[in-house]
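The structure appears below as structure tokens.
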Amino acid sequence: METILEDLLDVAIQLGASDARVIASSDIQVEDDLAAFCNGDPPCEQYAKAPSCPPHVSGPSGFRIWQKESTHAIVVKIDIPSSIMFSEQQREVMQLLHEIVAISELRAKEKGFTHARGFAGGSCKNIWCLSHVTCNVLSNAGKCRNPDKARPSMSGFGINVKKLMQSAGWNSEKAVKNPHPDADPMSWVAGLILL
Ligand code: SF4
């Protein structure tokens with residue numbers, strides 16, 4: 001088991017993660033209030049636009065069921081300068097995050113974690129299908145255009161991402177001082193593979 005987990009961490013790093021760590025699934029904190037923000041006042045602009053976002057996902061209650069059936073999870077992060085995080089390049093970073101999580105999930109399944117589930121950040125409609133008017137699945141036009149890349153957002157399941165970062169042993173502050181003088185403060189995006 002330990003070797004398989006180490007292999008999966010290597011997969012995430014090779015795909016482009018800045019770091020990846022194994023945590024106990026029981027350490028993932030899920031909060032109903034966080035999931036409620038998706039349809040808050042105002043609601044998220046991406047609310048209901050993809051099957052991977054509320055109200056089309058099972059939310060915190062569904063996640064808690066999967067969590068009880070799982071013992072380990074992998075947390076991944078990508079460190080990026082804040083200037084990129086808050087620029088048009090953000091979409092490329094989010095695409096990379098989705099790919100790391102999706103491919104890691106598929107590798108975990110190949111290695112025996114048949115119920116592995118990957119979670120990323122942001123709406124796949126915004127990240128992968130921005131140029132399309134509607135989601136192919138929700139418009140009943142066919143299958144997902146990106147089944148091997150797009151994964152649901154942690155937000156819709158109420159996953160506390162800051163606490164997730166802390167469980168992995170990482171700094172959860174969004175603007176971490178860059179050790180290089182005159183360089184941008186650093187930020188991060190994170191994803192999760194429930195094994
Ligand atoms: S078709 Fe696009 S918006 Fe719909 S689930 Fe797939 S990636 Fe998401």
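Order of appearance sets the numbers: ligands from 1, and atoms from 1 within every ligand. Residues: numbered from 1 along the sequence shown.
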In the protein, how many N/O/S atoms are under 2.8 Å from atom 4 (Fe) of ligand 1? 1
Contact list for residues 74-84, test salt bridge (Lys or Arg N to Asp or Glu O under 4.0 Å), sequence neighbours left out: Lys77-Asp79
So which pairs with a foot in residues 58-74 pass salt bridge (Lys or Arg N to Asp or Glu O under 4.0 Å), sequence neighbours left out?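 Pairs touching residues 58-74 that pass the test: Asp32-Arg64.
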Are any side-chain N or O atoms of Ser82 and backbone N or O atoms of Pro185, one a donor and one an acceptor, separated by less than 3.5 Å? yes
Test item: side-chain donor near acceptor, Glu92 and Gln90, under 3.5 Å: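 Their side chains do not contain a donor-acceptor pair, so the 3.5 Å distance test is not met.
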Pair Gln166-Ser172, side-chain donor/acceptor within less than 3.5 Å: yes
Sequence neighbours excluded, which residues qualify as salt bridge (Lys or Arg N to Asp or Glu O under 4.0 Å) partners of Lys163?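 Lys163 satisfies salt bridge (Lys or Arg N to Asp or Glu O under 4.0 Å) with no residue once adjacent residues are dropped.
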